[in-house]
Amino acid sequence: MQALSKESLLQNIPIFARLSDQHLRLIGEALTVYSYRAGEDIFVQGRSADGLLIVLSGAAILFQANADGGQVPLATVEPNQVFNQDALFSEIAQSATLRASQNVTVAKLGKDAFDALLKRHSELGAAIGLNKGDAGAGINPRFAEQRDDEEVLIETRRHCWAFLRTSWIPLLIMPAMWAAALILGAGALSLLIVVLSLVFPGAALVYFYAEWRNDSVIVTDQRIIRVERTILAMHRQITQVGLESVQEINFEIPPYDPFARLFRYGSVIIKTAGSQGNLELDLIPRPEQFQKLIIEDRQYFESRKAQRHHAMVRDELQRWMAGENPELEEEFRHSSADASASPRPVAGTNGYFSTRIEMSNGDIVYRKHISVWAQHTFIPIVIALLAATGLLLTFTVLSSDLRILTFPLSMLAFLIGAVMYYWLDWDWRNDIYIISDDTITLVHKRPFFLQNLRDQVLVERIDNVESVVTGFFAAIMKYGDVRMSLIGADEHKLFHKVSNPQLIQQEISRRQHMKEERRARYDAMQQRQILGEYLGAAGAQTMQQNAARPPASQPSAVALPLQREGGAPLLRAANNLDRNRPPRLPKKRLNHLSQAIEPDNLQILDSEHRRPPRFRTDRENL
């Protein structure tokens, strides 16, 4: 892989991607170059990370040490890869060891040097996106939909060939217009053609470039987001797929496109459990590297999910041993009871024409955009107004002979307009979309009990969510559609013409995230319950064994069950003088205990086990 300059490497790091050349040179001057021989450790697992590290040349092996003392290889490190970006802003420990397999040269940006650079150049912190007055406070979100606990791994766009393949048209038109101007000779018309040859092709080039820059793909440690925009059509589509929904990742080099192999671009197809949720990314630079990144991201997601689960189980075990909240199921029962209570709208809604209503139980009710109401009720309102005008003229202007004809006609038109308005207004008001913690409900009603459709979708069955805004009026008035693809379904579930579809998409994504967290906590609570039952059975068995033994001349450590209020018995030695020391179980019994906690014989991770290292965010490598 070709080594890049320091400025190019820094520009490919997300936090430095938008810095000017001057700022990049300042940071590049703060880099320190180190060399390592084959077999030397560049950084060691468990030790504090002292700053950002960039591999300039050579090769290294990244591995983790497990509890048995073995080494688990994670990745082969090549030049231009970046590590420990977060160490510039906070104290973190190395989650793995990086050992040189060849002679390696690295560039380091120490945290102290970076802080000193920020103090000397205050504008640099603002350009990076640091909060004012606190260099270690964190970075502003990279995009509007970013969650608080979400980290962007890479942000890229289609290959530059997507722009170049269309730019030849204005570049060809420009010299053709110049040739026409030369043929016509000197004159006002020739001058006009020369001016137009600069204006129209130049505007076309700017437009094609803007179209290319508008589209992007964002890969985070939780999901994949594709943003597509079309300027002339006023079209914006945002599609997101959670990593838990990704089932298969393929890439394809177009066989009949000679430029694809020359410029190394292709398509990446991300498949989910539902066919409608598949995501195809075209003209992606270096698709094989992009595929590898998502696969590693998916594995990292599963690893972090297991770590969070083990941490929750460990916390629940500690709370149970301390006698705190022995019955956490009550929290879930109370939340269910609150959800089953009759909900009511809360303050802050927009009254009669509300399109977003927050309910007391946490649900959010959405209606179609107010323009849909205006479009449907326009004709009935006009009919009713004309009829009211006719009634007014009947009693003020027209003669008594004409009143016999105009009065019934005006009254009939007014009744027709009023009934149509009631029907269409009732239809708009009762076509609603309800987003709750567990379900999404689509309700479609008609007056007088003619129709009542209620379609309910489980949040965890949603594969893919996308928001679509198309058209001038939709872009100006901020309405569009939200489409949800479901696992095993052949068609989308649709929020049609709703206000701010991007915000609704974010709300659905947030509910999915909350559902995952609640499910993980509930699973941890269930495993704690299994653990409590096991310890209770173990205590009873120990008492029976001790009762069957003959009395000894010396007092022995007899395990007596100590009963907590409403909880399982807790084992403690009767002659244990150290009351603050937690109870200890035999090694054999602990082995059974770990098997009871995890059927697949996974051990609970200790506090030193940290998340895998960050993935590289080198856009140039993709």
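Computed from a prediction, not measured in an experiment: that's the story for all the values here.
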Worked check of salt bridge (Lys or Arg N to Asp or Glu O under 4.0 Å) between Glu517 and Arg521: CA-CA 6 Å; Glu517 292 181 347; Arg521 188 183 176 197; over 6 Å; no
Apply the side chain to side chain contact (heavy atoms under 4.5 Å, CB included) test between Met420 and each candidate in Leu415, Asp425, Ile383; give the one that qualifies. Ile383
Heavy-atom donor-acceptor pair, Asp431 side chain to Lys445 backbone, under 3.5 Å: yes
Below 6.0 angstrom between ring centroids: does that apply to Phe395 and Phe407? yes
Main-chain N/O of Trp426 paired with Asn430 side-chain donor or acceptor, under 3.5 Å: yes
Is there a side-chain hydrogen bond (donor to acceptor under 3.5 Å, both in side chains) between Glu248 and Asn250 once you walk through the steps? CA-CA 7 Å; Glu248 184 179 346; Asn250 301 322; 2.9 Å; yes
The criterion is side-chain hydrogen bond (donor to acceptor under 3.5 Å, both in side chains); which residues satisfy it with Ser410, sequence neighbours excluded? none
So NZ of Lys497 and OG1 of Thr355: to nearest 0.5 Å the spacing works out to 15.0 Å
Arg226 side chain vs Glu280 backbone, donor-acceptor pair below 3.5 Å: yes
Over all atoms of both residues, closest heavy-atom pair of Ser354 and Arg367: O-NH1, 2.7 Å
I'd like to check Met484 versus His492 (side-chain heavy atoms, cut-off strictly below 4.5 Å). Are they in contact? no
List the residues meeting ring-ring contact (aromatic ring centres under 6.0 Å, His included) with Tyr433, not counting sequence neighbours, and say none if there are none. Phe495
Mark yes or no for whether Thr220, through its side chain, and Gln222, through its backbone, hold a donor-acceptor pair below 3.5 Å. yes
Gap separating the CG atom of Asp257 from the CZ atom of Phe263, nearest 0.5 angstrom: 9.5 Å
Indicate yes or no: does Asp438 engage Arg518 in a salt bridge with an N to O separation below 4.0 Å. yes
Main-chain N/O of Arg229 paired with Asp215 side-chain donor or acceptor, under 3.5 Å: yes
Tell me which pairs pass ring pair (Phe, Tyr, Trp, His ring centres under 6.0 Å) where either residue lies in residues 453-483, with sequence neighbours left out. His369-Tyr479
Applying salt bridge (Lys or Arg N to Asp or Glu O under 4.0 Å) to Arg356 and Glu358, what does each step give before you reach the verdict? CA-CA 7 Å; Arg356 182 183 185 275; Glu358 297 182 7; 2.7 Å; yes
Excluding sequence neighbours, so at least two apart, what forms side chain to side chain contact (heavy atoms under 4.5 Å, CB included) with Leu386? Val382
Is the count of non-hydrogen atoms from other residues, nucleotides or ligands lying under 6.0 Å from Glu491 atom CD greater than 12? no
Heavy-atom check, side chain of Ile357 versus side chain of Met359, under 4.5 Å: yes
Using distance alone, with no hydrogens and no angle criterion, decide if Gln505 and Glu466 have a side-chain donor and acceptor under 3.5 Å apart. no
Using distance only, find each side-chain donor-acceptor pair of residues 167-178 under 3.5 Å and give its atom names and separation, not counting sequence neighbours.
{"residue": "Ser167", "atom": "OG", "partner": "Leu164", "partner atom": "O", "Å": "2.9"}
{"residue": "Trp168", "atom": "NE1", "partner": "Arg165", "partner atom": "O", "Å": "2.8"}
{"residue": "Trp178", "atom": "NE1", "partner": "Ser197", "partner atom": "OG", "Å": "2.7"}

Ion pair present between Lys493 and Asp455, side-chain N to carboxylate O less than 4.0 angstrom? yes
CD1/Ile218 to CZ/Arg157 distance, rounded to the nearest 0.5 angstrom? 10.0 Å
Strictly distance-based, threshold 3.5 Å: is any side-chain N or O of Arg454 a donor or acceptor partner for the main-chain N or O of Thr441? no
When every non-hydrogen atom of Val246 is compared with those of Val241, the smallest separation belongs to CG2-CG1, 4.1 Å
For the side chain of Asn361 and the backbone of Asp363, is there at least one donor-acceptor N/O pair under 3.5 Å apart? yes
Ignoring hydrogens and angles, tell me if any N or O in the side chain of Gln456 forms a donor-acceptor pair with the backbone of Ile440 under 3.5 Å. no
For Val465, which of Gln506, Glu507, Arg223, Gln512 qualifies under side chain to side chain contact (heavy atoms under 4.5 Å, CB included)? Gln512
Output a table of donor-acceptor pairs, distance under 3.5 Å, between side-chain atoms of residues 200-212 and any protein atom two or more places apart or on a different chain; print 'none' if there are none.
{"residue": "Tyr207", "atom": "OH", "partner": "Glu211", "partner atom": "OE2", "Å": "2.5"}
{"residue": "Glu211", "atom": "OE2", "partner": "Ile231", "partner atom": "N", "Å": "2.9"}
{"residue": "Trp212", "atom": "NE1", "partner": "Arg158", "partner atom": "O", "Å": "2.8"}
{"residue": "Trp212", "atom": "NE1", "partner": "His159", "partner atom": "O", "Å": "3.2"}

Nearest heavy-atom neighbours spanning Pro255 and Glu252: CD-OE2, 4.4 Å
Quick one: are Ser499 and Lys478 in side-chain contact, heavy atoms under 4.5 Å? no
From CA spacing to verdict: side-chain hydrogen bond (donor to acceptor under 3.5 Å, both in side chains), Asp463, Thr272: CA-CA 7 Å; Asp463 238 358; Thr272 62; 2.9 Å; yes
If we only count heavy atoms from C-beta on, is the Val457 to Ile462 side-chain gap below 4.5 Å? yes
How about Ile379: does its CD1 atom have over 12 heavy atoms from other parts shown lying under 6.0 Å from it? no
So, for Met234 and Ala475, which heavy atoms are closest and what is the spacing to 0.1 Å? CE-CB, 3.5 Å
Side-chain heavy-atom pair Trp428, Lys368 within 4.5 angstrom cut-off: yes
With the side chain counted from C-beta on, respond yes when Arg483 and Val468 share a heavy-atom pair under 4.5 Å apart, and no when they do not. yes
Nearest heavy-atom approach of Phe353 to Ile370 is CD2-CD1, 3.3 Å
4.5 Å side-chain heavy-atom contact, Thr239 and Asn464: yes
Between OG of Ser467 and CD of Gln502, what distance do you get to the nearest 0.5 Å? 5.5 Å
Measure the CZ-CG distance between Arg510 and Leu503 for me, rounded to the nearest 0.5 Å. 12.0 Å
For Val419 and Tyr422, what are the C-alpha separation, side-chain angles and deciding distance, and is it a side chain to side chain contact (heavy atoms under 4.5 Å, CB included)? CA-CA 5 Å; Val419 171; Tyr422 171 80; 5.7 Å; no
Between Tyr265 and Asp282, is there a side-chain donor-acceptor contact under 3.5 Å, judged purely by atom types and distance? no
Distance-only side-chain donor-acceptor flag, Gln240 / Ser509, under 3.5 Å: yes
Taking the basic N atoms (NZ, or NE/NH1/NH2) and the acidic carboxylate oxygens, is any pair closer than 4.0 Å for Lys292 and Glu288? no
Student check: side-chain heavy atoms of Asp437 and Lys515 closer than 4.5 Å: no
Can you tell me how far the SG atom of Cys160 sits from the CG atom of Leu283, to the nearest 0.5 Å? 10.0 Å
What's the shortest heavy-atom distance between Pro254 and Gly266, and which atoms? CD-CA, 4.0 Å
